[in-house]
Amino acid sequence: MHDIRMVREQAAALRDGMRRRGALDQLEPVIARLEALDRERRLAIQAVEERKAARNAASQEVGRRKKAGEDAADLQAQTRALGEEIARLESELQSTEVLIQQGLYEIPNVTLPAVPEGDETHNAVVRTWGTPRQADTVKPHWEVGEALHLFDLPRGAKISGSGFIVYRGGGARLVRALMNLMLDLHTREHGYEECWVPVVVNRASMVGTGQLPKFEDDMYALGDDQGFLIPTAEVPLTNLCRDEILDATQLPMAMCAYSPCFRREAGAAGKDTRGLLRVHEFDKVELVRYCRPEDGAAQLELLTGHAEAVLRILGLPYRVVLLAAGDTGFSSAMTYDLEVFAPGVGKWLEVSSCSIFTEYQARRSNIRFRAATGEKPQHVYTLNGSALAFPRVIAAILEHYQQPDGSVIVPEALRPYVGLDLFQ
RNA sequence: GGACAGGUGGCCGAGUGGUUGAAGGCACCGGUCUCGAAAACCGGCGUACCGGCAACGGUACCGUGAGUUCGAAUCUCACCCUGUCCGCCA
């Protein structure tokens with residue numbers, strides 16, 4: 001969420017940011033309306049506070065008179081009338097503020113200067129690693145996975161619904177192995193604190209990271225506002241310090257967690273949904289960082305590197321794509337997607353999205369730090385990235401490491417965790 | 001789930017309707033003293049919004065929300081959270 005002051009004081013930059021996303025035409029009415037509402041709000045505040053000051057003074061005078069044994073009925077009546085006026089003005093002010101908030105919720109973050117303008121056709125591959133395998137004879141992962149009894153899609157659909165997977169035997173071991181490999185790497189080599197978080201969070205947390213109110217349809221709600229299943233561990237991790245003021249010495253802060261992730265994927269039916277490519281419940285290790293604003297750019301590179309390290313260790317060819325402004329997520333200011341090549345389906349699969357949110361999320365979730373004693377608190381920058389999402393990594397492993405006889409070589413780094421050299 | 005108890009500033013803790021944004025203490029910052037430090041003493045020390053070039057002024061905030069009142073940290077109601085005991089349970 002932006003600050004209403006951004007609209008007031010940096011309207012030109014805001015409009016330019018929307019233009020770069022290709023969203024200015026759509027958002028111009030919202031911005032213009034916010035500018036008017038902001039003026040309205042400030043006038044209303046002045047009107048209310050003026051009357052409150054008068055009421056406070058009069059009330060004190062009532063107290064003084066009563067103590068002195070004098071009559072104060074006239075002042076009391078006058079103050080009662082003031083109180084009614086305040087109530088009326090305040091409800092007007094409140095509806096203005098609700099409208100302002102609704103407007104602000106509709107405006108995405110402004111992307112950083114390094115982000116290309118325009119839609120996804122302007123996405124830029126910034127580097128590639130490894131050599132994608134020729135696709136000719138490789139079977140798609142769903143065929144080889146079922147054949148090797150690594151996962152069971154029909155029975156997943158039977159017990160839960162389509163888009164839910166039962167991993168079995170070596171496949172189940174593989175999931176557990178990926179979790180341990182990734183957590184070990186990030187905690188031992190990359191300096192993240194390992195966290196184990198609840199997968200149910202409250203509404204405030206979902207609002208804090210921006211899933212609500214805009215994307216409620218895509219979330220699993222538990223009913224009667226008893227909570228939501230997390231769509232990613234980003235939600236609990238980023239909200240860890242919600243409504244807190246951190247000490248500068250705590251930054252940068254780095255947390256990682258494994259969690260299952262729950263997504264309704266409403267409206268996504270039919271597209272890239274075969275096998276493990278798009279499911280309602282999947283597993284992921286997530287990285288989250290808080291940092292000082294001036295460190296933001298470097299921290300994004302660092303975090304992206306941490307996610308890439310997983311793919312290198314697994315020996316999976318990948319590319320890093322800098323998303324153009326129009327393809328960058330709503331809250332993000334800059335995003336690198338990591339795409340791994342899956343020769344069986346002949347596609348690059350997105351296995352990670354590493355983003356910096358500048359202070360957009362931190363304002364919403366009220367995460368601040370104090371640079372030095374006596375200084376005003378300011379918002380931290382938040383970052384996060386998957387490192388990595390399991391199902392597509394599994395898909396890539398089953399295709400990249402597939403042998404002509406249908407068996408699959410276990411990547412070397414995973415062998416101690418899986419306890420096998422070969423799935424056959 | 002039931003019964004009690006409780007939620008006040010970074011922390012501890014006073015405060016049951018009227019200069020209480022909130023005593024006191026601790027912590028922290030600045031100063032005096034000291035060769036330096038400690039101690040002692042003096043001063044400062046919440047967050048946000050509105051107005052103002054600024055100095056500064058105003059408003060709000062004592063778990064959250066609503067209510068009573070001229071006036072609420074203080075009274076009423078609902079909810080949330082924490083603690084203790086009981087029940088249940090992986």
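Because the structure is a prediction, the values reported are computed rather than measured. Within every chain, numbering begins at 1; the chains are lettered A, B, ... in the order of the sequence lines, protein sequences first and strands thereafter.
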Just checking, is any N or O donor in the side chain of [X] or [Y] under 3.5 Å from an acceptor N or O on the other one?
X: A:Thr232; Y: A:Lys284; value: yes
X: A:Tyr381; Y: A:Gln299; value: no
X: A:His379; Y: A:Tyr360; value: no
X: A:Ser205; Y: A:Asn202; value: yes
X: A:Ser353; Y: A:Asp337; value: yes
X: A:Thr358; Y: A:Asn109; value: yes

Regarding [X], tell me which of base, sugar-phosphate or nothing describes its non-hydrogen contacts under 4.0 Å with the strands shown.
X: A:Arg5; result: sugar-phosphate
X: A:Ala53; result: sugar-phosphate
X: A:Arg64; result: nothing
X: A:Arg65; result: nothing
X: A:Arg8; result: sugar-phosphate

Considering only atom [atom1], compute the distance from [N] to [M] and round it to an integer number of Å.
N: B:rA55; M: B:rG51; atom1: P; answer: 15 Å
N: B:rA60; M: B:rU34; atom1: C1'; answer: 46 Å
N: B:rC80; M: B:rU32; atom1: C1'; answer: 50 Å
N: B:rC45; M: B:rG21; atom1: P; answer: 16 Å
N: B:rU76; M: B:rG7; atom1: P; answer: 14 Å
N: B:rG13; M: B:rC49; atom1: C1'; answer: 30 Å
N: B:rG9; M: B:rU74; atom1: P; answer: 15 Å
N: B:rG83; M: B:rC29; atom1: P; answer: 33 Å

Fill in: Euclidean distance, A:Leu148 CG relative to A:Phe423 CZ, rounded to 0.5 Å
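Rounded to the nearest 0.5 Å, the CZ-CG separation comes out at 8.5 Å.
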
Charged N-O contact under 4.0 Å between [X] and [Y]:
X: A:Glu61; Y: A:Arg65; answer: yes
X: A:Glu216; Y: A:Arg203; answer: yes
X: A:Glu28; Y: A:Arg15; answer: yes

#### Entry: Whichever of A:Glu90 and A:Val62 has its nearest RNA chain B nucleotide further upstream toward 5'
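Mapping each residue to its closest nucleotide by heavy atoms, the 5'-most match is A:Glu90.
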
Worksheet item: With nearest nucleotides of RNA chain B determined for A:Ile245 and A:Val48 from heavy-atom distances, which residue corresponds to the more 5′ nucleotide?
Response: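 It is A:Ile245, whose closest nucleotide lies nearer the 5' terminus.
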
TODO: Anything under 4.0 Å to a heavy atom of chain A counts; send over the first and last such nucleotide of RNA chain B, read 5' to 3'.
DONE: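 Contacts span B:rG18 to B:rG71, reading 5' to 3'.
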
Complement of [N], any strand, by Watson-Crick or G-U distances under 3.5 angstrom:
N: B:rU76; answer: B:rA66
N: B:rA90; answer: none
N: B:rG71; answer: none
N: B:rU32; answer: B:rA40
N: B:rA55; answer: none
N: B:rG24; answer: B:rC12
N: B:rG6; answer: B:rC81
N: B:rA60; answer: B:rU47

**Prompt:** Within 45° of the six-membered ring axis of A:Tyr220 and under 6.0 Å from that ring's centre, is NZ or CZ of A:Arg264 located there?
**Reply:**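 Verdict for A:Tyr220: a cation-pi partner in A:Arg264.
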
Using a strict heavy-atom distance below 4.0 Å, which residues from residues 66-83 of chain A are in contact with RNA chain B?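 When residues 66-83 of chain A is checked for heavy atoms under 4.0 Å from RNA chain B, the hits, listed by number, are A:Lys66, A:Gln76, A:Thr79, A:Arg80.
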
